Trainee: 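One structure, as structure tokens, below. Some questions next.
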Amino acid sequence: MSNSFMSRAIQLSLENIASGLGGPFAAVVVKDGKIIAEGANRVTSTNDPTAHAEVVAIRETCKKLGHFELTGCDIYTTCEPCPMCLGAIYWARPARVFFACTAADATAAGFDDSFIYRELGNPTGARKIPMLPLMREEALQIFRVWERKQDKIRY
């Protein structure tokens, strides 16, 4: 754990606000005491709702490391990860995540992810954006083919 890495994330966040490229969020990924990659929120400048700081930093790190997992890496992020970023973090499998502001702090600043957490607890058909099953039996063959694939890379 290093305050200098969190300080860098905070600095990136302030620079991002000043540049107008995105929201007040930034993240750095560290391995072996060195910053591998940095990311700042780019949602509005790229018209990409997935371009949250953590996702941007994870993507850049994976490119640099040549791997889809962040084994042995730490993520320093300026705010407690939202549900999407939390999912990306779990898929990336870093060693640890350090965050500065809390989800409650983000809510107070106008970024409220709590409705997404509530939605996840609702049955798929009862969500604000209904999730409706379609052609499950036909699509199950996809998993059967995957299960039989001998040279698959598990993730």
Side-chain angles (χ1 to χ4, degrees), residues 1-134 136 139 142 153-155:
M1 170 174 55
S2 171
N3 287 354
S4 66
F5 298 132
M6 187 61 79
S7 292
R8 176 61 184 149
I10 292 168
Q11 178 187 358
L12 283 170
S13 191
L14 291 169
E15 291 170 3
N16 203 49
I17 295 168
S19 72
L21 291 175
F25 305 97
V28 297
V29 180
V30 175
K31 185 170 185 171
D32 299 326
K34 295 183 178 129
I35 294 176
I36 303 298
E38 302 175 333
N41 181 284
R42 293 287 190 258
V43 170
T44 56
S45 62
T46 62
N47 295 317
D48 179 355
T50 69
H52 288 203
E54 297 91 336
V55 173
V56 171
I58 288 168
R59 287 174 180 162
E60 187 61 28
T61 303
C62 289
K63 283 181 196 172
K64 287 184 177 180
L65 295 179
H67 201 270
F68 55 86
E69 290 184 354
L70 303 184
T71 305
C73 294
D74 290 332
I75 298 175
Y76 291 79
T77 182
T78 57
C79 192
E80 187 176 352
C82 75
M84 177 185 69
C85 293
L86 189 60
I89 288 166
Y90 272 92
W91 280 112
R93 296 175 177 88
R96 299 177 294 187
V97 176
F98 299 95
F99 63 92
C101 297
T102 66
D105 296 329
T107 297
F111 297 93
D112 189 3
D113 299 324
S114 63
F115 83 95
I116 298 173
Y117 284 109
R118 286 192 305 274
E119 283 285 290
L120 292 173
N122 291 336
T124 55
R127 295 177 181 164
K128 286 190 186 244
I129 301 174
M131 308 285 166
L132 307 169
L134 183 65
R136 177 177 176 259
I142 299 165
I153 298 172
R154 295 192 182 275
Y155 60 97

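Computed from a predicted model, the values in this text were never measured in an experiment.
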Trainee: Treating R42 as the side-chain partner and D48 as the backbone partner, does any N or O pair qualify as donor plus acceptor under 3.5 Å?
Mentor: no
Trainee: Report yes if some heavy atom in the side chain of P24 is under 4.5 Å from a heavy atom in the side chain of N41; otherwise report no.
Mentor: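 No, side chains not in contact.
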Trainee: Kindly compute the distance separating CZ (R59) from OG1 (T61), expressed to the nearest 0.5 Å.
Mentor: 12.0 Å
Trainee: Apply the side chain to side chain contact (heavy atoms under 4.5 Å, CB included) test between F98 and each candidate in D74, N3, T77, V28; give the one that qualifies.
Mentor: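 Result for side chain to side chain contact (heavy atoms under 4.5 Å, CB included) with F98: D74.
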Trainee: What's the spacing between I89 CD1 and F99 CZ if we round to 0.5 Å?
Mentor: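 That separation rounds to 10.5 Å.
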Trainee: For D112 and T107, indicate whether the former's side chain and the latter's backbone hold a donor-acceptor pair under 3.5 Å.
Mentor: no
Trainee: Would you find a donor on one side and an acceptor on the other, under 3.5 Å apart, between the side chain of K64 and the backbone of A37?
Mentor: no
Trainee: Strictly distance-based, threshold 3.5 Å: is any side-chain N or O of S13 a donor or acceptor partner for the main-chain N or O of A9?
Mentor: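 Not a single qualifying donor-acceptor pair exists.
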Trainee: Under the 3.5 angstrom rule, does the side chain of D113 hit a backbone N or O of P83 as a donor-acceptor pair?
Mentor: no
Trainee: Distance-only, no hydrogens or angles: does the K128 side chain make a donor-acceptor pair with backbone N or O of I116 under 3.5 Å?
Mentor: no
Trainee: Are side-chain heavy atoms of I75 and I58 found at a separation under 4.5 Å?
Mentor: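 Sidechains of I58 and I75: in contact.
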Trainee: Roughly how far, to the nearest 0.5 Å, is the OG atom of S19 from the CG atom of L12?
Mentor: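 Answer for the CG-OG pair, L12 versus S19, is 10.5 Å.
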Trainee: Are the ring centres of F111 and F25 closer than 6.0 Å?
Mentor: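 Yes, the ring of F111 comes within the 6.0 Å limit of the ring of F25, centre to centre.
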Trainee: Can you tell me how far apart CG (L70) and CH2 (W91) are? Round to the nearest 0.5 Å.
Mentor: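 Those atoms lie 14.0 Å apart.
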Trainee: Under the salt bridge (charged side-chain N to carboxylate O under 4.0 Å, His left out) test, which residues partner E60, sequence neighbours left out?
Mentor: none
Trainee: Rounded at 0.5 Å granularity, tell me how far OG1 in T71 sits from CG in L65.
Mentor: 9.0 Å
Trainee: Taking atom CD1 of I35 and atom OG of S4, what is their separation to the nearest 0.5 Å?
Mentor: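 So the gap between those two atoms works out to 7.0 Å.
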Trainee: Say whether, by atom type as modelled, one donor and one acceptor occur between the side chain of Y76 and the main chain of R8 under 3.5 angstrom.
Mentor: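 Side chain of Y76 to backbone of R8, a donor-acceptor pair under 3.5 Å: no, none is there.
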Trainee: Please, which pairs that meet ring-ring contact (aromatic ring centres under 6.0 Å, His included) have at least one residue in residues 48-68, sequence neighbours excluded?
Mentor: none
